Number of protein chains: 2
Amino acid sequence: MQGDDYLHHIAYDSVIFGFSGEKLKILILEYHNTGLFALPGGFVRTNENLNDAVQRGLKERTGLDQIFLEQFYTFGDVARYKPEVMKQIIQANKVPDEDLSWLLDRFISVAYYALINYAEVIPTPDDLSDSCGWYDVDQLPPLMLDHAQIVQKALETLRENINRKLVGGNLLPARFTMKELQHVYEAILGEKLHRGTFQRKMLSLGVLQRHEKQYSGAANKAPFLYSFG
Amino acid sequence: MQGDDYLHHIAYDSVIFGFSGEKLKILILEYHNTGLFALPGGFVRTNENLNDAVQRGLKERTGLDQIFLEQFYTFGDVARYKPEVMKQIIQANKVPDEDLSWLLDRFISVAYYALINYAEVIPTPDDLSDSCGWYDVDQLPPLMLDHAQIVQKALETLRENINRKLVGGNLLPARFTMKELQHVYEAILGEKLHRGTFQRKMLSLGVLQRHEKQYSGAANKAPFLYSFG
DNA sequence: TTATTATTGTCGCAAAATGCGACAATAATA
DNA sequence: TATTATTGTCGCATTTTGCGACAATAATAA
């Protein structure tokens, strides 16, 4: 990780949403020996597209390719410049032979959110962090720098886009029941929805494919499975 | 404009919308002796918030303060890195005693759009450009780099936000008629709206203040004037 | 003074979208 | 065969929207 390989002053942070146990979750990593929690982030190589850099980071952290990924804001306040925090992280991970001084400069961070199928992810820490795990959006640990603010804005954007971009399905397996889809919407919006109205609305969009029923073994009517497209 | 005063690799571009003659317009500047047209942009000082840098640039270019300003996307493709274009601009404006080599590096650009009252603006070129003027959004000159794409995305964002953020009023004087407001909406959306429906919708929002009538001298009923808040 | 004309504010009504409860169908168990 | 929980769908009231029409009005023309 030489200084010349990356664009200085520019970073990205990603808010990776998953869905499990009827809860919306976010992937958070913890840096070695610092007690610092952070969003997965990274830097842009000098010959690499910004969007590609984020895709690359996501691949490394989740093992997934072809992810729903969207940029939502670029954070550029001076107040987010805290070199002592970065110094702390570097010192806890001192690797000789590397000039990491460029990491102590001021950074502007382009923030993205990703929607992924929780079940397919293998959370993988990087060199600097020793854990990479899921947290409920409403039970996050204290995050470093302005990362809590970034999460907040990601959630707002997600709520605004939930109908415009059919965002919901990206958080589920390829096939799902209407109830599961409704739970995703409820978790994102933070409110209960009416079952009948929700089903009618979804079906009227004409983007759901209906498949065979899912026999759960429970003593009641079995629901259909659906997929997008 | 020393290299140490600004954050390297980071720029901003602004799409400044105005409204006149029932048309949506954008402020475009032309660089000296190059035939290059561009969006007004600039750089971020090392101790300056990103948002403040854009406000500062807007103030210099329009004379206006307290503008409706919103960030909408950050452009970071490698393809937008064309040092020969920058070199052309610099050479046409050679100022001695300055090291401008940092301008030839790759830049990531944070794009903003602004909505302003056309009548209050005094378009002002900067040192590098010899004109700064209004162009119809559908009759723009060929813009350098990816600036046409930036304009396109600004328009899309504006359309998406038109109802969510009461964007329309920022393009008009403090007091305006319902018809003028409708023309703004039509220019942004690119379609005709029904007069009755539009008026009913706007009034139902409860954010318009009704004032005295505007007697235009025409042989017909005089419209009320409105303001926001 | 009175008719004419263009434009405005508002209304009525049909069509579409939404909120909410209810019913029959169904997959298992008792 | 009855029971139970859940599902798919429908009916109906309410709200929102699209669209035309009417009366009111400010000036001009007769």
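In what follows, every heavy atom counts, from backbone to side chain, and hydrogens, waters and symmetry copies are set aside. Source: prediction; values computed, not measured. Quick note on labels: first sequence line is chain A, next is B, and so on, each numbered from 1.
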Practice task
With a 4.0 Å heavy-atom cut-off, tell me which residues in residues 194-204 of chain B come close to DNA chain C, sorted by residue number.
Solution key: B:Arg195, B:Gln199, B:Arg200, B:Leu203
Practice task
Rounded to the nearest angstrom, tell me the gap between atom OH in B:Tyr215 and atom P in C:dT8.
Solution key: 14 Å
Problem - Check ion pair B:Glu212-B:Arg175 (N to O, under 4.0 angstrom) - result: yes
Handout entry: Charged tip of A:Arg210 within 45° of A:Phe224 ring normal and under 6.0 Å
Key = yes
Practice task
Can you tell me the distance, in whole Å, between the CD atom of B:Glu212 and the P atom of C:dG9?
Solution key: 13 Å
Practice task
Return the value, rounded to whole Å, for the distance between atom NE2 of B:His211 and atom P of C:dG9.
Solution key: 14 Å
Exercise for the section: Starting at atom CD of B:Glu191, determine the distance to atom P of D:dT17, rounded to an integer number of angstrom. Expected result: 14 Å
Problem - Whole angstrom value for the distance that separates C1' of C:dA25 from CZ of A:Phe224 - result: 11 Å
Exercise for the section: Please state how far atom CG in B:Leu205 lies from atom P in D:dT16, giving the value in whole angstrom units. Expected result: 11 Å
Practice task
Please say which of A:Ile26, A:Thr62, A:Ile67, A:Leu39 ends up in a side chain to side chain contact (heavy atoms under 4.5 Å, CB included) with A:Ile16.
Solution key: A:Thr62
Completion exercise
Residues A:Tyr215 and A:Ala222: closest non-hydrogen pair is CD2-CB, 3.9 Å
Practice task
Measure the OH-CD1 distance between A:Tyr118 and A:Ile116 for me, rounded to the nearest 0.5 Å.
Solution key: 9.0 Å
Problem - Chi angles and distances behind the side-chain contact (heavy atoms from CB on, under 4.5 Å) call for A:Phe198, A:His194 - result: CA-CA 6 Å; A:Phe198 180 79; A:His194 185 276; over 6 Å; no
Exercise for the section: Return the orientation label for the A:His9 and A:Phe107 ring planes: parallel under 30°, perpendicular over 60°, tilted otherwise. Expected result: tilted
Fill in the blank from the handout: Per atom distances to the B:Lys221 side chain, the nearest of C:dT5, D:dT4, C:dT8 is C:dT8
Fill in the blank from the handout: Nearest-nucleotide check on DNA chain C, A:Ala222 vs B:Lys213; residue mapping nearer the 5' end is B:Lys213
Practice task
Under 4.0 Å from any atom of DNA chain D, heavy atoms only: list the residues of residues 176-188 of chain A that qualify, in numerical order.
Solution key: A:Lys179
Exercise for the section: To the nearest Å, give me how far apart CG (B:Asn220) and P (D:dA29) are. Expected result: 14 Å
Exercise for the section: Indicate the ring-plane relationship of B:Phe68 and B:Tyr113, choosing parallel, tilted or perpendicular according to the 30° and 60° boundaries. Expected result: tilted
Problem - Of B:Gln182, B:Met178, B:Lys179, the residue whose pairing with B:Arg195 passes side chain to side chain contact (heavy atoms under 4.5 Å, CB included) - result: B:Gln182
Completion exercise
As a check of understanding: the bend across the helix from C:dT1-D:dA30 to C:dA30-D:dT1, end axes from five pairs, rounded to 10 degrees, works out to 30°
Problem - A:Leu208 CG - D:dT7 C1' separation (whole Å) - result: 16 Å
Practice task
Please check if the distance between the ring centroids of B:Phe75 and B:Tyr73 is under 6.0 Å.
Solution key: yes
Handout entry: Centroid-centroid under 6.0 Å between A:Phe72 and B:Phe72 rings
Key = no
